[in-house]
Structure formats: structure tokens, C-alpha cells
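Quick note: numbers below take in every heavy atom, side chains included, and nothing from hydrogens, waters or symmetry partners. All figures in this text were calculated on a predicted structure; none of them were measured in a lab.
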Amino acid sequence: MTDVTDRSVTATGTLYALADPRDGTVRYIGQTTKPIEVRLAGHLAAPAPRVRAWIEALAVEGRSPEIIPIREHVPVVDLDAAEKEEIKAHAQRGDLLNVVANESGNAKRRKVSREEAKRRAAQEEAMRRAWQQATWRQVADQVRAATGGPVSPADIPIRDIPAAVWDAYQAYHEADRLLKANSITRLLLRPGLGVVVEGDAPHDQEKRAALLRRSNAEALLEHYLRAYCGAFSSVDDGERWGSKEGVHGRGAEAYRNEFRDPTHMARYLSLTPWAARALDPWVELARAAGIDKKGPEFSQWVSDDQATREAVDLYRLAAPGWLGVFRQRWDTDVATHALTLGAAHIPGFVVPHLLESALQDWLTKLARDRQATREMCLLLQRINPKALDAVYGRDRLAESDEALGLPPGTSAKVIRQLYGGDSHDPAPQAAKLIQRHTGEFDTAAIPDYSGWTGPDIPAMRAAAASFYSAGLLLDAEQSAGDELLDGVKSSWKPTRWGIENVEKMEKAIVGAAMHATDSAT
């Protein structure tokens, strides 16, 4: 298709073909007044709908189209006619992907049935997903290899489960199995009618007793687990407090899961805050890369650390739905955040072309909020030299040199001579001009997201802590890095007042159990 800039300036253009590198078949004819390498980059960045599926299919195999000049130095005024001629000639030899073809090509294009159209659409969507997953797998593997995975939960203390709580857990499941076997679903309390059993089985005394046992055990377990989860309130952030997305959601209904013994249950509950946030970046990377978080591949991929793998396996088997959190459309993309950290701070990191736009958008957001590191700003400048203008303003000193015909750097020397360039100078505007000219941006040594709120901030801080632990945030002072790491780890441990509430609840449960035992005897 046509790609012509200013025809009054460019006198000639090139007709080119896009060919399949596997067999040399010409699949597309176009024209351009730019170098054909530039035009190929344009095709890869924003392909036409029919061309996209072909390019994505090649990308899955690690290939890309070949661009071949057909006619060079064609006068611009003759490009359209020449393009039609080439399309007509090649359309007779095979199936071109050009959206606009000549009459001969259109006449030969057979009509497809609705079923065929759906099949092609499904195939194209599958190719798109496969290409996207292959792209993200490249990112995920680079981040995983450089960081080693999430911060290990090895030093998280395991709090024992009181015997009375475990007894209630066993009573709940024993009663629940009995009721399910007899199709009893729940107990209803209706004014004036007393206790009514809902289900298909006869309402005999044994079933009523089982319903009451399950109801009593459930009430005890819910009170205990809510108090337990409340001890980790710093992990639940924003609107997910008390919802199924945070610690409350993963722990408050833990009594419904299948545990082997009290130790198994204790490990699950103690590791819930870590699983609720520390794993989020890795679960999101795995999801984007097509790695099944519920399968054994994820626990093998996510880390070489034994404690991490054991924790992941515990959650994968006991409650696979709680690995990662459900993403709302307004949530921050945690995977893109991990991509940004990796692209800026991992030496030799390869940024897939497909993700450059998302990377640039996230880098710009971080820079505007002064959460970008120096490496992030330099990366953004490499991707788009003009991108930082919207954040820090234009490089007016360079513009001044160009406007006045001065050697580059002259205006900066004048400013330094007159005002100095120190940030402590009485003329702060002069300092800003020098900083913008030299690339000394207002950056953060560590993206700790101070002042940011939202349900994904703990996960983003956990990702940054992983990069610091791996020694990738080189500009970070040890004190600042250790503060971030300690803050992240402390959010996985209960608060003092929270533990006090749990201890009170445990004493009450133990006391009630002893009273019930004494009454029975």
C-alpha cells in the first residue's frame, strides 16, 4: 500500500515486495518514498489486518518478512500506476495480502463462507495469542534469570494452629461430608417455624445434628481466621481490603480447603500474605507468557529457591485459584512494570518490538511522577528522543544553539558562566536548563512509589525489592534499598496489635473448648 510523505520534495520512490522467508513467495506489494528498511519497520509496527496474521505466524517461528525492491527510482507521479501493474502481475501467480488490488485480483478472490471466515478469524486470533505469549515469554525468562524470582519466604515465621481450631476444622469437614452425601445443603432459620432443613434427604435428627455441628464449627473458624487475617492489614491495600483479592479473601475462608494436618494449615495461613503480594509480578509474567500458574511448570520456573518452590506448591495444590489476583480493567499492569524494570536495569535486556509502545507509556508515567530511575529515563530517551520533552520540557539550550547557528554546547557554557549550573544556584531555572541539557533528570534511585496508593502498589514494591536484592538497582544507596526490602518483608509479617487480637481469640477458643469438655463429662 502507499506510503508517501511529501511528494513535492521526494522525486522518486520504490516499489517493493514483502516475501515469505521460508519459500520466497511474494505476499504483499507496496510503494514507499522512504528507505525500504524504514518501510519494513513500519509494517512490523503496525501491519494491515490481513498482513498481521502472516507476520504473527512468522514471529512464532522467530522469523520476519523479507523486503525486496522491485522497481527503484520510479517517479512519484508514476508510483500508483506502477504499483497497480505489479499487483496485477503478482496476483495472477498467488494470493496477495494487499487490501486494495486491481480488478483482476478482486475477480479471482473467491468468496468464503461464514464458517470459513470464522475459522480464519479464530486462526488469526490463535496466532496473535501465540505471538504475544512468545513475546512475553522472552521477557519473563529474562527477568526471571536476572533476578532469581521473588524474595524468598524462608524467614517468615510459622504460627502454630491451636488444637481447638484444628478440632473445629475437622468437625466442619466431617459434618460437611455427611451432609453432602445426603444432599443436605444448608440450615434455614425462619421466624415462627424454627429450624428448617433445606435439601432432599429426610429431616431426621442425625442430619439436623450434623448441620448444627457444621454451622457451629464454621462460625468459630470464621471468627478465628478473620482475626488472623486482620493481623496482616498492611498487605491489603486500597479497595481490596476485606475482599477476595487480598489476605482476607485468601485466608478468611481457608477452612474450606483440604489440609493434611495442623502444620499444613499453619504454613498455608502464615504464607498467605507473601503469596498475596510477593508472587503477583511473577504470576502476571507467567500469565502473559502462557505458563499455567496451576501447573508444576510454574513452580519450577518461578525460582530456584527451595522455600519459594515449596510455598508455591503449597498454594498450587491447596488453593490454586489464589495464586495471583484477578485484574480489573483499571488496575496497573504489573507485568508491564516488571518489563520496565528489566528493560532499564538488566544488562543486555532484549525489548521485543511488540512491547515497545507499552514500555514507553509506562516509562513516561514513572518519569512524570518522579519514580523513574536514571536508567529508565535514559532508556526512554533512546526509545524516543522527544518523549522526555513532555516530562522535563524541551532542551532549550540545544534549540538556542541551532537557532543562532552556534556550535553545540555554546548556550550551556554561557549559562554556566553567567549563572552557574548548580542545583543550589539562586537561579533555579538556570539549573533546570543545564540539567535538561546534560540529561541530569529528576530521578529516583529506587522506584518505591511513595505517595502512590492502589491495590497493585505492594506487588510493584515487591518487584522492585527483587531487583534490589539481585543487585540490579546500581544507583540505590544501601540504606534506601534495605529500607525498601525491609518494608516489603515486614508487610508479610503480622503487626503487634494484630497478634494481640489473635492471641485473645485463641484464648477464648481454648477456654470455650475446655468448658465444652467439662460440660460433656
Quiz item: With distance as the sole test, does Gln360 use its side chain to make a donor-acceptor pair with the main-chain N or O of Leu380 at under 3.5 Å?
Solution: no

Quiz item: So, the side chain of Ser270 versus the backbone of Arg267: is there a donor-acceptor pair under 3.5 Å, distance only?
Solution: no

Quiz prompt | Any donor-acceptor N/O pair, Thr32 side chain to Lys34 backbone, under 3.5 Å | solution = yes

Self-check item: Side-chain heavy atoms of Val139 within contact of Phe349, under 4.5 Å
Solution: yes

Quiz prompt | Gln300: partners by side chain to side chain donor-acceptor pair (under 3.5 Å), with sequence neighbours left out | solution = Arg309

Quiz item: Can you list the steps and then say if Thr33 with Leu79 is a side chain to side chain contact (heavy atoms under 4.5 Å, CB included)?
Solution: CA-CA 10 Å; Thr33 57; Leu79 278 175; 4.2 Å; yes

Self-check item: Close side-chain approach of Val312 to Trp282, heavy-atom, < 4.5 Å
Solution: no

Self-check item: From Thr364 atom OG1 to Asp369 atom CG, the distance as rounded to the nearest 0.5 Å
Solution: 11.0 Å

Quiz item: Is the CD atom of Glu399 crowded by more than 12 outside heavy atoms at less than 6.0 Å?
Solution: yes

Practice problem: Report yes if the side chains of Val302 and Val283 come closer than 4.5 Å at any heavy-atom pair, otherwise no. | Solution: no

Quiz item: Should the heavy atoms of other residues, nucleotides or ligands under 6.0 Å from CD of Glu310 be counted, would the total exceed 12?
Solution: yes

Quiz prompt | Qualifying side chain to side chain donor-acceptor pair (under 3.5 Å) pairs with a residue from residues 457-470, counting only residues at least two apart or across chains | solution = Tyr468-Asp482

Practice problem: Could you point out which residue of Asn384, Leu379, Thr336 forms a side chain to side chain contact (heavy atoms under 4.5 Å, CB included) with Leu363? | Solution: Leu379

Exercise. Answer with yes or no whether the side chains of Ser411 and Asp401 bring together a donor and an acceptor at under 3.5 Å.
Key: yes

Self-check item: Minimum-distance pair of heavy atoms, taken over all atoms of Leu15 and Ala82
Solution: CD1-CB, 3.4 Å

Exercise. Sequence neighbours left out, what pairs pass salt bridge (Lys or Arg N to Asp or Glu O under 4.0 Å) with at least one residue falling in residues 143-157?
Key: Arg144-Asp304, Asp155-Lys489

Exercise. Please round to the nearest 0.5 Å and tell me the distance separating atom OG1 of Thr14 and atom CD1 of Ile68.
Key: 13.5 Å

Self-check item: Side-chain touch Gln31/Asp80, heavy atoms, less than 4.5 angstrom
Solution: yes

Self-check item: Full working for side chain to side chain contact (heavy atoms under 4.5 Å, CB included) between Glu125 and Arg129
Solution: CA-CA 6 Å; Glu125 176 61 19; Arg129 287 198 304 268; 3.0 Å; yes

Quiz item: Hey, are the side chains of Val350 and Gln142 touching, using non-hydrogen atoms and a 4.5 Å cut-off?
Solution: yes

Practice problem: Take Trp274 and Thr308 through the side chain to side chain contact (heavy atoms under 4.5 Å, CB included) test and state the conclusion after the steps. | Solution: CA-CA 10 Å; Trp274 176 83; Thr308 300; 3.9 Å; yes

Quiz item: Is the number of heavy atoms from other residues, nucleotides or ligands within 6.0 Å of CD (Glu356) greater than 12?
Solution: yes

Self-check item: Backbone N/O of Ala19 and side chain of Glu66: donor-acceptor pair under 3.5 Å
Solution: no

Quiz item: In Å, rounded to the nearest 0.5 Å, how long is the span from NE2 of His345 to CG of Leu474?
Solution: 8.5 Å

Quiz item: Which heavy atom in Ala459 sits nearest to a heavy atom in Pro281, and how many Å separate them?
Solution: O-CG, 3.4 Å

Self-check item: Partner residues of Ser152 under the side chain to side chain donor-acceptor pair (under 3.5 Å) criterion, sequence neighbours left out
Solution: Asp305

Quiz prompt | Counterpart residues, salt bridge (charged side-chain N to carboxylate O under 4.0 Å, His left out), relative to Asp20 (two or more places apart) | solution = Arg22

Quiz prompt | Which residues share a salt bridge (charged side-chain N to carboxylate O under 4.0 Å, His left out) with Arg368, sequence neighbours left out | solution = none

Quiz item: Mind checking what makes salt bridge (charged side-chain N to carboxylate O under 4.0 Å, His left out) contact with Arg382, not counting sequence neighbours?
Solution: none

Quiz item: Got Ile346 and Leu472 here, is their nearest side-chain heavy-atom distance under 4.5 Å?
Solution: yes

Self-check item: Which residues share a side chain to side chain donor-acceptor pair (under 3.5 Å) with Gln138, sequence neighbours left out
Solution: none

Quiz item: Between Gly487 and Ser490, what is the shortest heavy-atom contact and its length?
Solution: O-OG, 2.8 Å

Quiz item: Does the side chain to side chain contact (heavy atoms under 4.5 Å, CB included) test come out yes or no for Trp362 and Leu355, once each step is laid out?
Solution: CA-CA 11 Å; Trp362 189 241; Leu355 303 179; over 6 Å; no

Exercise. Take the angle between the ring planes of Tyr315 and Tyr268 and call it parallel below 30°, perpendicular above 60°, tilted in between.
Key: parallel

Quiz prompt | Heavy-atom check, side chain of Lys84 versus side chain of Lys88, under 4.5 Å | solution = no

Quiz prompt | Distance in Å, Asp141 CG paired with Leu285 CG, rounded so as to fall on 0.5 Å steps | solution = 9.5 Å

Quiz item: Does Glu297 have any side-chain contact (heavy atoms from CB on, under 4.5 Å) partners at least two apart in sequence or in another chain, and if so, which?
Solution: Arg137, Ile291

Quiz item: Where do Ala17 and Val26 come nearest, in terms of heavy atoms and distance?
Solution: CB-CG1, 3.8 Å

Quiz prompt | Closest non-hydrogen atom pair, Leu58 against Pro21 | solution = CD1-CD, 3.9 Å

Exercise. Evaluate the side-chain proximity of Ile55 to Trp131: yes if any heavy-atom separation is below 4.5 Å, no if none is.
Key: yes

Quiz item: How many angstroms lie between atom CG of Leu97 and atom CG of Leu18, to the nearest 0.5 angstrom?
Solution: 9.0 Å

Practice problem: List in chain and number order the residues that pass salt bridge (charged side-chain N to carboxylate O under 4.0 Å, His left out) with Asp313, two or more places apart in sequence or in another chain; answer none if no residue qualifies. | Solution: Arg316

Quiz item: Closest approach of Leu485 and Ala465, non-hydrogen atoms and distance?
Solution: CD1-CB, 3.9 Å

Practice problem: Applying side chain to side chain donor-acceptor pair (under 3.5 Å), name anything that partners Glu37, two or more places apart in sequence or on another chain. | Solution: none

Quiz item: So how far is it from Met127 CE to Trp54 CH2, rounded to the nearest 0.5 Å?
Solution: 12.5 Å

Per-pair distances, 0.1 Å, donor-acceptor, side chain in residues 69-78, under 3.5 Å, sequence neighbours excluded:
from	atom 1	to	atom 2	distance (Å)
Arg71	NE	Glu86	OE2	2.9
Arg71	NH2	Glu85	OE1	3.0
Arg71	NH2	Glu86	OE2	3.1

